[in-house]
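Scroll down for the structure; my scribbles are underneath it.
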Amino acid sequence: VQLQASGGGLVQAGGSLRLACSASGVSSSRPGMAWFRQAPGKEREFVAGMRKDTSSTYYSDSVKGRFAISRDYANNGVYLQMNSLRPEDTAVYYCATIGTGNPISSYYFRSSTYSYWGQGTQVTVSS
């Protein structure tokens, strides 16, 4: 399984970016997927997730209402539309997939749920 994340960059506060994550080698279509992020000196944290086979989505409180995760059906992956960006959103963003599993909702927020990870893409928001 390989995940390829792209779309990061430098943006001013209040701006927008769209991240993309393509997944290859996953035997399941529409797998459970998520975005996490890690800022310097901090632990990796959940950002947004999408449940396997459905359009159910999950968000951390810090991004709810500003970020949106959606499916990229062509590449069996996901997008992350990020609006109203803030300097505190600065981090390396990672996409991840569960693979073929479909755990209960609360597990989607845990990094340990995800078996496969992409290489990360840097997002920097200037004030």
Side-chain angles (χ1 to χ4, degrees):
V1 174
Q2 289 190 327
L3 301 178
Q4 182 70 40
S6 62
L10 173 64
V11 65
Q12 288 189 331
S16 298
L17 281 174
R18 189 176 79 158
L19 306 183
C21 175
S22 61
S24 59
V26 181
S27 59
S28 172
S29 63
R30 297 186 294 170
M33 298 192 72
W35 290 94
F36 285 75
R37 67 186 181 187
Q38 187 167 20
K42 295 188 176 182
E43 293 187 353
R44 188 171 297 188
E45 65 172 354
F46 173 83
V47 176
M50 178 161 272
R51 190 173 184 84
K52 174 180 168 60
D53 292 336
T54 75
S55 58
S56 295
T57 56
Y58 311 100
Y59 296 97
S60 68
D61 289 342
S62 62
V63 307
K64 199 173 295 182
R66 300 188 297 123
F67 292 11
I69 187 171
S70 60
R71 290 270 182 205
D72 173 7
Y73 291 97
N75 295 297
N76 206 26
V78 287
Y79 297 108
L80 183 68
Q81 177 66 42
M82 305 186 294
N83 300 325
S84 301
L85 282 161
R86 305 167 179 169
E88 54 264 38
D89 295 318
T90 295
V92 177
Y93 283 70
Y94 299 89
C95 65
T97 183
I98 296 172
T100 57
N102 189 18
I104 59 175
S105 298
S106 61
Y107 279 59
Y108 277 80
F109 294 80
R110 306 178 185 183
S111 60
S112 59
T113 297
Y114 299 85
S115 301
Y116 307 99
W117 293 79
Q119 84 287 2
T121 185
Q122 177 70 47
V123 171
T124 302
V125 184
S126 63
S127 57

Hydrophobic cluster membership, with links at side-chain heavy-atom distances under 4.5 Å among I/L/V/M/F/W/Y: are Ile98 and Trp117 in one? yes
Do Ser60 and Phe67 come close enough that some side-chain heavy atom pair is under 4.5 Å? no
Cut-off 3.5 Å, side chains only: do Gln122 and Thr124 have a donor facing an acceptor? yes
Treating Ile, Leu, Val, Met, Phe, Trp and Tyr as nodes and any side-chain heavy-atom pair under 4.5 angstrom as an edge, say whether Val123 and Val63 lie in one connected cluster. yes
Under the side chain to side chain contact (heavy atoms under 4.5 Å, CB included) rule, what do Asn102 and Tyr107 come out as? Steps first, then yes or no, please. CA-CA 9 Å; Asn102 189 18; Tyr107 279 59; over 6 Å; no
Please tell me whether Leu10 and Leu80 are part of a single hydrophobic cluster in this structure, the criterion being side-chain heavy atoms less than 4.5 Å apart. no
Can you confirm whether Tyr58 sits close enough to Ile69 that some side-chain heavy atom of one is under 4.5 Å from a side-chain heavy atom of the other? no
Answer with yes or no whether the hydrophobic clustering places Val47 together with Tyr79; edges join I, L, V, M, F, W, Y residues whose side-chain heavy atoms lie under 4.5 Å apart. no
Side chain to side chain contact (heavy atoms under 4.5 Å, CB included) between Asn75 and Gln4, worked out: CA-CA 10 Å; Asn75 295 297; Gln4 182 70 40; over 6 Å; no
Hey, are the side chains of Leu3 and Met33 touching, using non-hydrogen atoms and a 4.5 Å cut-off? yes
Take Val78 and Cys21 through the test side chain to side chain contact (heavy atoms under 4.5 Å, CB included) and record every step on the way to the result. CA-CA 5 Å; Val78 287; Cys21 175; 4.1 Å; yes
Decide yes or no for Phe46 and Ser111: does some side-chain heavy atom of the first lie under 4.5 Å from some side-chain heavy atom of the second? no
Take Trp35 and Met82 through the test side chain to side chain contact (heavy atoms under 4.5 Å, CB included) and record every step on the way to the result. CA-CA 12 Å; Trp35 290 94; Met82 305 186 294; over 6 Å; no
Given the rule that I, L, V, M, F, W and Y join up when any side-chain heavy atoms are under 4.5 Å apart, are Leu85 and Tyr59 in one cluster? yes
Rounded to the nearest 0.5 Å, how far does CZ of Arg30 lie from OH of Tyr73? 6.0 Å
Taking only Lys NZ, Arg NE, NH1 and NH2, and the carboxylate oxygens of Asp or Glu, determine whether Lys64 and Asp61 approach each other closer than 4.0 Å. yes
